[in-house]
2 protein chains.
Amino acid sequence: MQRTEDTPPRPPAVSVPGRPCSAAAALQLVGEKWSLLVVRELLFGVRRFDALARNTGAPRDRLTARLRSLEEAGIISRRAYQERPARYEYHLTEAGQDLAPVLFALFSWGDKWLFDEPPAVLDHRGPDGREHRMPLGHPPVCPTCEEPVSMQDVVPRRTGGDPG
Amino acid sequence: MQRTEDTPPRPPAVSVPGRPCSAAAALQLVGEKWSLLVVRELLFGVRRFDALARNTGAPRDRLTARLRSLEEAGIISRRAYQERPARYEYHLTEAGQDLAPVLFALFSWGDKWLFDEPPAVLDHRGPDGREHRMPLGHPPVCPTCEEPVSMQDVVPRRTGGDPG
DNA sequence: TCTTGTGGGTTTGATTTTCAAACTATTGAC
DNA sequence: GTCAATAGTTTGAAAATCAAACCCACAAGA
C-alpha cells in the first residue's frame with residue numbers, strides 16, 4: 001500500500017479485542033517491542049538508523065520492521081536527506097510528537113519505582129533559553145473538580161457504537 | 001522463587017540495552033503484550049481471571065503468564081478470596097496503581113488520534129460523590145517554568161553510574 | 001445419582017516474532 | 001585499491017503467541 005505524497009499522515013482505524021478503549025487502540029500501534037523506544041529517540045532528536053539501533057538496543061531487522069509499521073501508523077515519516085547514496089532520516093509526525101506524555105509517564109514511573117537515583121534526568125530548555133532540571137511525576141488532577149484523580153473513582157462509559 | 005508474606009512487593013532492578021532510561025526500564029516490566037491492558041482492568045476494579053480474559057481479549061495462557069510476571073515485578077498481588085475450591089483475585093500494588101498516568105496518557109492519545117468519537121469516556125466521581133465527565137489530554141506543563149513542554153526543548157542527562 | 005455450570009487455570013501443536021551475527025550495496029576518502 | 005560509513009537484508013535458531021481443547025474441584029439442580 002503506497003502512501004501518496006499529499007496524504008496527510010494520520011493513524012489508521014484500529015479495532016481492539018475486549019473492552020472498547022482508546023488506550024488499547026493506541027497500544028495496537030505503539031505497543032510492540034521497541035516502538036516506544038524509537039519514539040523516545042525521535043523525541044530526543046535522533047534521526048538516523050544506526051543511532052536509533054544503538055540508542056534503543058533493538059536488533060537491526062526489528063528496527064527496520066518497527067520503522068515501517070510506525071510509518072504506516074502515521075506516527076513517523078521517512079525522508080531522504082541525500083541521494084546517491086540514498087540516505088534517510090526519520091521524523092515524528094504531529095501524532096508522533098503527541099506521544100510525549102506517554103513517555104513522560106513512563107519516565108516518571110520508572111524513576112519512582114525502579115531506581116534510587118534515576119539513570120538519567122530530563123532538563124528543560126525554557127523560553128529564555130536557560131536549562132533547568134525538569135521534575136516529573138505530579139499525579140494527575142481532574143481539571144473539572146480539581147481533585148487528584150484516583151482511578152478508583154473513575155468509571156469507563158461506552159459512547160455510541162455497537163453494544164457489547 | 002517464593003516471595004515471603006512480609007516482603008513488600010517492590011519492582012526488581014532491571015537493566016536496559018541502549019540509552020540508560022527509566023522509561024525503557026519501565027517497559028521491561030509492563031511492555032509485553034497485554035500487560036498494560038491487565039493493569040487497565042485492575043485499575044477499573046476488575047479482579048477475576050475470567051473477567052480479565054474477557055475484557056482484555058488476551059488468550060488465557062498469556063493472561064496467566066502476564067499475571068505471573070506482573071506479580072514478580074511487584075505490580076500486582078494475587079490473593080485467595082476463598083478456599084475449597086481455591087479462588088483467586090488480583091489487586092494492584094501501590095506501584096501498580098501508580099501506572100494510572102501511563103494509561104491516562106494512552107487514553108488521551110488514542111482519543112485524539114484514532115477516533116472521531118471516543119469508544120468510551122471516563123467519568124470521575126468527585127469527593128461529593130457526584131460523577132462528571134473527565135477530560136483528558138492537557139499537554140504537560142513544566143512545573144518549574146510553567147511553560148508547556150515540547151520534547152524538542154528537553155535534553156536527557158545521565159546521572160551517576162558507568163559512562164556510556 | 002447424573003448432569004451442568006463456574007472459576008482458574010494447563011496443555012497442545014501450529015504460527016509468528018525475535019534474536020545475534022553475518023552479509024550486501026553504494027559511495028566517498030585516503 | 002582499500003577502508004570506512006550508512007542503511008539496511010539475510011540466515012537459522014530460539015522464544016513468544018495463538019486458539020482451542022482439556023482439566024480439576026466443587027456446587028446446584030433434576
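The sequence lines fix the lettering, A, B, ..., with proteins before strands; numbering per chain opens at 1.
- Under the 4.0 Å criterion applied to side-chain N and carboxylate O atoms, A:Glu131 and B:Arg157 are assigned as salt-bridge partners.
- When the side-chain nitrogen and oxygen atoms of B:Tyr81 are compared with OP1 and OP2 of C:dG8, one or more of them lie within a distance under 4.0 Å.
- Between B:Arg60 and D:dA20 there is no side-chain polar atom (N or O) within less than 4.0 angstrom of OP1 or OP2.
- Judged by closest nucleotide on DNA chain C, A:Trp34 is the one of A:Ala86 and A:Trp34 placed further toward the 5' end.
- The interatomic distance linking A:Arg62 (CZ) with D:dG8 (C1') rounds to 13 Å, in whole Å.
- Side-chain contact between B:Pro17 and B:Gln28 is present, with heavy atoms from C-beta onward closer than 4.5 Å.
- Neither OP1 nor OP2 of C:dT17 sits under 4.0 Å from any side-chain N or O of B:Lys33.
- Checking the phosphate oxygens (OP1, OP2) of D:dT6, no side-chain nitrogen or oxygen of A:Tyr90 falls inside 4.0 Å.
- Formation of a donor-acceptor pair under 3.5 Å by the A:Ser77 side chain with backbone atoms of A:Thr93 is not found in this model.
- Between the side chains of B:Arg87 and B:Tyr81, not a single donor N or O lies within less than 3.5 Å of an accepting N or O.
- Atom CD in A:Gln82 sits roughly 11 Å away from atom C1' in D:dA7 (whole-Å rounding).
- D:dG8 atom P lies 10 Å from atom CD of A:Glu71, rounded to whole Å.
- The side chain of A:Pro85 lies closest to C:dT27, out of D:dC26, C:dC19, C:dT27.
- Atom CG of B:Leu67 and atom P of C:dT10 are 10 Å apart (whole Å).
- Of the side-chain N and O atoms in B:Tyr88, none sit less than 4.0 angstrom from OP1 or OP2 of C:dT6.
- Between the C1' atom of D:dA19 and the CZ atom of B:Arg54 lies a distance of 17 Å, rounded to the nearest Å.
- Within 4.0 Å (heavy atoms only), B:Phe49 reaches at least one base atom of the nucleic acid.
- Phosphate proximity of D:dC26 to B:Arg87: absent, as no side-chain N or O sits under 4.0 Å from OP1 or OP2.
- Cation-pi check for A:Arg47 over A:Tyr90 is not met; the charged atom does not lie both under 6.0 angstrom from the ring centroid and within 45 degrees of its normal.
- Protein atom CG of A:Asp50 is 18 Å distant from nucleotide atom P of C:dT26, rounded to whole Å.
- Distance CZ (A:Arg66) to C1' (C:dC19): 12 Å, rounded to an integer number of Å.
- Rounded to a whole Å, the CZ atom of B:Arg78 is 12 Å from the C1' atom of C:dG7.
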